[in-house]
Amino acid sequence: LAALAANRARFDRLMQTISDGFDVQAEAVAVLTRRPSEVTAAEVASITRRISGAWFHMIAEVGTLPAEVERSLSPMEVEGFYAWGSSIQRVDALADLEKDLADGHLSTLPGHRLWQLAPNEYLDAARRGDSDALYSLVRTHGIDTHCLADPEESPEALRALEALGDVSDLLAWIRAYLTRRYLAHPRSHLGQTLVASRGPLFPATQELACSAL
């Protein structure tokens, strides 16, 4: 990376971004492995947003190293990566809910929200490793709909990445891929109804299942 960088300032900026990303990962483990009663919904939403946001920012920052790149990422573009990170990590947490619980992550965004709505049932299903009961609770309480819906992010932040070529399209592909991972899960039972989404995080041509229908 140092050899790729046009100057020391660009290299140092990337190293700081990577260091910040390590801090986010450490905080994520601390938050997501705590009991739901020990963390707030705001704390869970914040770290969920930053997990993928920091990763995407770090990867994009690498692209600013070479001399032929004329500018660094703007503050709005950095915010755009965190806006997309929020959307993508919500879906990723839903797709990995079963695996995350097996790893002791009780307070992921879908898990914490489920605890808020059905605390005893959620903790009991998690303790017993009862996937059927867990996914039944997810459907009953609309946790899947909540995670798959567009988060309340700034439209300006989402549009800010349009100047970065295919980046927005690649992020949309990642989100759609993770969504279909969840829809393909044998216990999600969402494949019967297909709807077209027109939200800014779903291309209008995509058809995605929605448990709300």
Side-chain angles (χ1 to χ4, degrees), residues 1 4-6 10-11 13-25 28 45-97 99-100 108-110 144-185 188 190-191 194-210:
L1 292 174
L4 181 63
R10 294 188 184 191
F11 176 74
R13 185 174 61 241
L14 172 62
M15 290 299 101
Q16 185 60 56
T17 303
I18 293 173
S19 177
D20 293 343
F22 275 118
D23 290 342
V24 168
Q25 292 300 316
S46 174
I47 195 61
T48 298
R49 187 177 194 271
R50 287 180 285 138
I51 291 170
S52 285
W55 173 254
F56 295 137
H57 177 205
M58 178 181 70
I59 296 302
E61 199 74 62
V62 173
T64 69
L65 291 179
E68 57 266 28
V69 178
E70 297 180 354
R71 67 175 181 85
S72 59
L73 296 170
S74 70
M76 185 58 77
E77 285 169 339
V78 173
E79 181 66 13
F81 283 114
Y82 281 87
W84 273 99
S86 175
S87 174
I88 287 172
Q89 191 63 33
R90 288 156 60 103
V91 181
D92 186 58
L94 179 65
D96 282 344
L97 179 59
K99 177 186 74 66
D100 285 343
T108 62
L109 190 142
D144 44 10
T145 303
H146 174 71
C147 291
L148 294 173
D150 293 344
E152 294 180 359
E153 293 288 346
S154 164
E156 291 78 12
L158 294 171
R159 289 196 297 267
L161 301 183
E162 292 176 356
L164 301 180
D166 295 333
V167 168
S168 291
D169 290 339
L170 290 170
L171 293 174
W173 184 91
I174 292 171
R175 191 181 196 276
Y177 169 79
L178 292 170
T179 298
R180 293 182 186 279
R181 266 193 59 211
Y182 174 71
L183 298 180
H185 192 288
S188 70
L190 297 179
L194 296 178
V195 296
S197 173
R198 300 297 193 270
L201 300 176
F202 279 114
T205 56
Q206 288 181 333
E207 289 188 330
L208 299 171
C210 176

Sequence neighbours excluded - salt bridge (Lys or Arg N to Asp or Glu O under 4.0 Å) pairs with any residue from residues 72-87:
Arg49-Glu79, Arg71-Glu77
Within the distance-only criterion (no hydrogens, no angle test), does the side chain of Arg175 pair as donor or acceptor with the backbone N or O of Leu148 below 3.5 angstrom?
yes
Going by an N to O cut-off under 4.0 Å, is there a salt bridge joining Arg181 and Asp96?
yes
Side chains of Thr17 and Arg13 only: does a donor on one sit below 3.5 Å from an acceptor on the other?
no
Answer yes or no: is there a donor N or O on one side and an acceptor on the other, between the side chain of Arg10 and the main chain of Pro66, under 3.5 Å?
yes
Please check this pair: side chain of Ser19 against backbone of Met15, looking for a donor-acceptor N/O pair closer than 3.5 Å.
no
Strictly distance-based, threshold 3.5 Å: is any side-chain N or O of Arg90 a donor or acceptor partner for the main-chain N or O of His146?
yes
Name all pairs fulfilling the salt bridge (Lys or Arg N to Asp or Glu O under 4.0 Å) condition that reach into residues 157-174, sequence neighbours left out, sorted by first residue then second.
Glu156-Arg159
Do Ile174 and Phe56 pass the side chain to side chain contact (heavy atoms under 4.5 Å, CB included) test, and can you show the C-alpha distance, the side-chain angles, and the key distance before you say yes or no?
CA-CA 11 Å; Ile174 292 171; Phe56 295 137; 4.1 Å; yes
Calculate, to the nearest 0.5 Å, the distance between atoms CG and CH2 belonging to Leu170 and Trp84 respectively.
10.0 Å
Are the side chain of Ser86 and the backbone N or O of Tyr82 linked by a donor-acceptor pair below 3.5 Å?
no
Run Phe81 and Val167 through side chain to side chain contact (heavy atoms under 4.5 Å, CB included) and show every step you take.
CA-CA 10 Å; Phe81 283 114; Val167 168; 3.8 Å; yes
Please report the C-alpha distance between Cys147 and Val91 in whole Å, then the side-chain angles of each, then the deciding distance to 0.1 Å, and finally whether the side chain to side chain contact (heavy atoms under 4.5 Å, CB included) criterion is met.
CA-CA 6 Å; Cys147 291; Val91 181; 5.7 Å; no
